[in-house]
Amino acid sequence: MATNRTFTMIKPEAVAAGSMGKILDMIMDNGFRVVAMKYTRLSRQEAGTFYAVHKERPFYGELVEYMASGPIVAAILEGDNAVQRFRDLIGATDPTQAAEGTIRKRFAESKAKNAVHGSDSDENAAIEGAFFFSGREQF
Ligand code: GDP
């Protein structure tokens, strides 16, 4: 199986709830290697740009406000079949639909405040990783 990369954020409400360490433990226990990581906060403008693909969706404004509402952890992760395996680890968007043992099942508050982001394709993983990290910040 190919080793490749995905991109994740631990979202503001999960950081505020003090769940950052527990979520990182789950990620690393599941065989993902950290390539790059930072604790940071998005401005509204940055959150709007990051989520521009969702501009036409009715919740776009809410999503931007939420993602700019407090600090986050952004990271690039590496592992076998990283995008799909990480989507499996985080679980469904809506935590009521997420499988037992997934990060969203354990930590998400709601479909909107769902604890973590995970890229949905190799192409988006590369774009999202480059949004936060220069080449020299990736190890
Ligand atoms: P994901 O790929 O599982 O993160 O889900 P999507 O790409 O469909 O949505 C992106 C993000 O938008 C989700 O992770 C949620 O934080 C947020 N979101 C999705 N659906 C809703 C909704 O109905 N209302 C609000 N406020 N936010 C939503």
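Along the sequence shown, residues carry numbers from 1. Both counts, for ligands and for their atoms, begin at 1 and track the order of listing. No experiment lies behind these values; they were computed from the predicted model shown.
- For residues 58-100, every residue pair satisfying the ring pair (Phe, Tyr, Trp, His ring centres under 6.0 Å) rule, not counting sequence neighbours, is listed here: Phe32-Phe86.
- Which parts of ligand 1 touch Asn114 is read off a 4.0 Å heavy-atom cut-off, strictly below it: atoms 13 (C), 14 (O), 15 (C), 16 (O).
- Hydrophobic clustering of Ile, Leu, Val, Met, Phe, Trp and Tyr side chains at less than 4.5 Å, counting indirect connections, keeps Ile10 apart from Tyr51.
- Within the 4.0 Å heavy-atom cutoff, His54 counts among the residues contacting ligand 1.
- Between Ile23 and Val116, some side-chain heavy-atom pair lies under the 4.5 Å cut-off.
- Scanning both residues, Thr102 and Met26, for their nearest heavy atoms gives C-CE, 4.1 Å.
- Using a 4.0 Å cut-off to heavy atoms of Glu62, the atoms of ligand 1 that qualify are 25 (C), 26 (N).
- Residue contact annotation: Arg104 has a non-hydrogen atom under 4.0 Å from ligand 1.
- Among protein heavy atoms, the minimum distance from atom 15 (C) of ligand 1 is reached at Lys111 O, 3.4 Å.
- Scanning all protein heavy atoms for the shortest distance to atom 1 (P) of ligand 1 gives Thr93 OG1, 3.6 Å.
- Arg104 and Gln97 share no side-chain donor-acceptor pair at under 3.5 Å.
- Asp80 and Thr3 are linked by a side-chain donor-acceptor pair at a separation below 3.5 angstrom, with hydrogens and angles left out of the test.
- Between atom 8 (O) of ligand 1 and the options Met9, Arg57, Arg87, the minimum heavy-atom separation is to Arg57.
- Under 4.0 angstrom from ligand 1, the non-hydrogen atoms of Lys11 all belong to its side chain.
- A salt bridge links Lys38 with Glu137: the closest approach of a Lys/Arg side-chain nitrogen to an acidic carboxylate oxygen falls below 4.0 angstrom.
- Between Arg33 and Glu78 there is a salt bridge, since a side-chain N of the basic residue sits under 4.0 Å from a carboxylate O of the acidic one.
- The Leu63 neighbourhood of ligand 1 comprises atoms 12 (O), 16 (O), 17 (C), with distances under 4.0 Å to a heavy atom of that residue.
- Considering only non-hydrogen protein atoms, atom 16 (O) of ligand 1 sits nearest to Ala112 O, 2.8 Å.
- Closest to atom 24 (N) of ligand 1 among all protein heavy atoms lies Phe59 CB, 3.4 Å.
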